[in-house]
Amino acid sequence: MSDVVEKTLTALPGLLSLDSLPGSNKLSSSSKLGNLIRGITELTSKHEEEKLIQRELTSIKEQVSSPNTSMRQMKELMVRAIYCEMLGYEASFSYIHAIKLAQQGTALEKRVGYLAVSLFLNESHELLLLLVNTVLKDLQSTNLIEVCMALTVVSQMFPKDMIPAILPLVEEKLNHPKEIIRRKAVLALYKFYLIAPNQVQHIHNKFRKALCDKDPGVMTASLHIYLQLIEENPEGYKDLTTSFVTILKQVVGGKLPMDFNYHSVPAPWLQIQLLRILCLLGKNDQSTSEIMYEVLDESLRRAEINHNITYAILFECVKCIYTIHPKSELLEKAAKCIGNFVLSPKINLKYLGLKALTYVVQQDPKLALQHQMTIIECLDHPDLIIKRETLELLFRITNAQNVTVIVDKMLEFLRINKDDYTTIDLVGKVAELAEKYPLIHVFLSFGGPLLPENGKKIVKYTSHITTLLYMLK
């Protein structure tokens, strides 16, 4: 049995308390879930798996329908049904029983019931209406676990028409003394905003209160809402720019608890969210952008650890710098940082570097010229997507001084390229450059060696060739 399966069997009892012996750290030999998992891992064909799962589902259906089945037994049956559904086999007969378990069980049984409901049903499922009263009751409970479970299922899925029934209760939880409740309430309101924005318009001031919450987790949760709001209406939130900058300064300066760190990087996902927000707020706005310059400079300087997550931060930082109102010093520093991406042997990072250079070109093509030879070398990369992005970038940085070198590289690539889409796109780019620069000596060789080597495929872009030859007359 593989290590992964062994670890799964070891972890399941602690998560779902399926063992009959308290403190046991492995599924007992009598556990039906354990037997099911072991049985599936020992099978050699899909057909055998289907037969085993169908027998299992038949057994589960008989037991959940029995009036003698206890809530404890129902809990294990739901877990087995969840496992079967995760493998792609429908267990729709168990949906109503999952709702009943969430309604009637103890805290642990309700937990499994809510979990099953969130995995089985979607927001438009008719059975979900049966859970509304249970959620209402649990939101008013004095048991923190029950309140957390209700808020969790609400933030994942809830009928749009039923939001007004629970919205006041969720709003109340924004003032709860426990930070985990406040955080889950913010996430629930974020979900409401996504599916029914008009129903939460009146509580925007409470979102601002969540942004200033003393708990970093609550504040972080509120950024999801603000990113969505600012994407739709940046002008309405310019006054919060200073607040977002202050938060980013605290994060970059390592003022948050160590729990938020990832590979020694302070709250990287929080940094990424804030950089995206600042990017939206500073676009085409000099006064707002000036507030950000200092913290963006600090973010660039501190993101030095050679790890994927720091590259993600650097990418968002570079994108922000080249989107907001420009500052020459920051533009130059960002352009230097991009070299680390492009020179990386990892394909994903190299692609990010080329993508980042497109933002540089949009702001000032001259800043990308320092990477010109590195970009040209990317044409030799075996990955087709890297080649396409490189060609697009070369096209954008072409000027009167480098046009001959770049077009020669394009033609050289065109002769060996076998992808139709890239060929058509590249011929179109060369045609555009021909209109802009005097390239007669380059195109004299274009009509000759190109045609025989590409054979029948040349028919697909004959119109472009005709255009080029006409321009030479």
Side-chain angles (χ1 to χ4, degrees), residues 8-37 56-87 89-122 125-159 162 166 169 173 178 180-181 184 188:
T8 302
L9 296 177
T10 302
L12 278 172
L15 293 172
L16 302 170
S17 298
L18 296 175
D19 286 316
S20 56
L21 297 175
S24 176
N25 64 350
K26 288 191 177 181
L27 286 173
S28 62
S29 58
S30 61
S31 168
K32 294 184 179 180
L33 176 62
N35 292 337
L36 174 62
I37 296 174
E56 181 70 17
L57 289 175
T58 300
S59 173
I60 294 173
K61 187 174 183 179
E62 291 176 356
Q63 293 180 67
V64 297
S65 303
S66 172
N68 299 323
T69 302
S70 66
M71 284 295 173
R72 180 180 177 83
Q73 292 170 327
M74 188 67 72
K75 178 185 67 177
E76 183 170 357
L77 290 169
M78 284 303 105
V79 175
R80 287 158 58 192
I82 288 173
Y83 190 76
C84 292
E85 283 249 343
M86 289 170 62
L87 293 176
Y89 301 90
E90 186 180 356
S92 55
F93 62 85
S94 64
Y95 297 174
I96 186 66
H97 297 286
I99 292 176
K100 289 180 180 178
L101 189 62
Q103 292 172 337
Q104 303 171 6
T106 62
L108 182 57
E109 292 158 0
K110 285 171 74 70
R111 178 187 179 188
V112 175
Y114 272 128
L115 173 64
V117 168
S118 64
L119 294 174
F120 289 157
L121 308 182
N122 56 54
H125 201 287
E126 56 186 9
L127 287 179
L128 200 57
L129 293 173
L130 300 176
L131 199 65
V132 173
N133 286 334
T134 304
V135 171
L136 281 169
K137 183 183 71 174
D138 288 342
L139 284 174
Q140 300 175 73
S141 173
T142 56
N143 188 324
L144 291 180
I145 296 177
E146 292 182 351
V147 177
C148 282
M149 288 189 293
L151 287 172
T152 299
V153 77
V154 163
S155 64
Q156 293 176 347
M157 48 182 290
F158 202 76
M162 293 291 105
I166 66 167
L169 292 173
K173 298 299 179 282
K178 290 292 184 180
I180 187 172
I181 301 295
K184 288 182 177 291

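Checked by atom type and distance alone, the side chain of Q104 never pairs as donor or acceptor with a backbone atom of L101 at under 3.5 Å. In this structure a side-chain-to-backbone donor-acceptor pair under 3.5 Å is present from Q103 to L130. For the pair K75 (side chain) and G113 (backbone), a donor-acceptor distance under 3.5 Å is absent.
What you find for Q73 and N68 is that their closest heavy atoms are OE1-O, 3.9 Å. Of all the heavy atoms in L144 and K178, the pair that sits closest is CD1-CG, 3.8 Å. L57 and A91 make their closest contact through CD2-CB, 3.9 Å (heavy atoms, listed as atom of the first residue, atom of the second, distance). Of all heavy-atom pairs spanning V132 and M162, the tightest one is CG2-CG, 3.7 Å. The shortest non-hydrogen separation linking L36 to C84 is CD2-SG, 4.3 Å. Here the closest non-hydrogen pair linking S65 and K61 is OG-O, 2.8 Å.
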Side-chain atoms of residues 151-158: list all donor-acceptor pairs with protein atoms under 3.5 Å, sequence neighbours left out, distances to 0.1 Å.
| from | atom 1 | to | atom 2 | distance (Å) |
| --- | --- | --- | --- | --- |
| T152 | OG1 | C148 | O | 2.7 |
| T152 | OG1 | K184 | NZ | 3.0 |
| S155 | OG | L151 | O | 3.3 |
| S155 | OG | T152 | O | 2.8 |

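Taking CG of L77 as the start and CE of M71 as the end, the distance is 11.5 Å to the nearest 0.5 Å. To the nearest 0.5 Å, atoms OH (Y95) and CG (L119) are separated by 10.0 Å. From R80, atom CZ reaches atom CD1 of I37 across 11.0 Å, with rounding to the nearest 0.5 Å. Once rounded to the nearest 0.5 Å, the distance linking CG of L121 with CD1 of I99 reads 5.5 Å. A distance of 11.5 Å separates OG1 in T69 from CD in E76, rounded to the nearest 0.5 Å. Here the straight-line distance linking atom CD1 of I60 with atom NE2 of H97 works out to 11.5 Å at 0.5 Å rounding.
Taking 4.5 Å as the limit, some side-chain heavy atom of I82 sits within range of a side-chain heavy atom of F120. In this structure, the side chains of M78 and Y83 stay at 4.5 Å or more apart for every pair of heavy atoms. Between Q140 and V147, every side-chain heavy-atom pair lies at or beyond the 4.5 Å cut-off. Two residues are said to be in side-chain contact when any heavy atoms from C-beta on lie closer than 4.5 Å; M74 and V64 meet this criterion. Side-chain atoms of L169 and V135, non-hydrogen and from C-beta on, never get closer than 4.5 Å to each other.
In the displayed structure, I145 atom CD1 is contacted under 6.0 Å by at most 12 heavy atoms of other residues, nucleotides or ligands.
For N122, the side chain to side chain contact (heavy atoms under 4.5 Å, CB included) criterion is met by S124, H125, not counting sequence neighbours.
Side chains of E109 and Y114: no donor on one and acceptor on the other come within 3.5 Å. Neither side chain, E62 nor S66, offers a donor N or O lying under 3.5 Å from an acceptor on the other.
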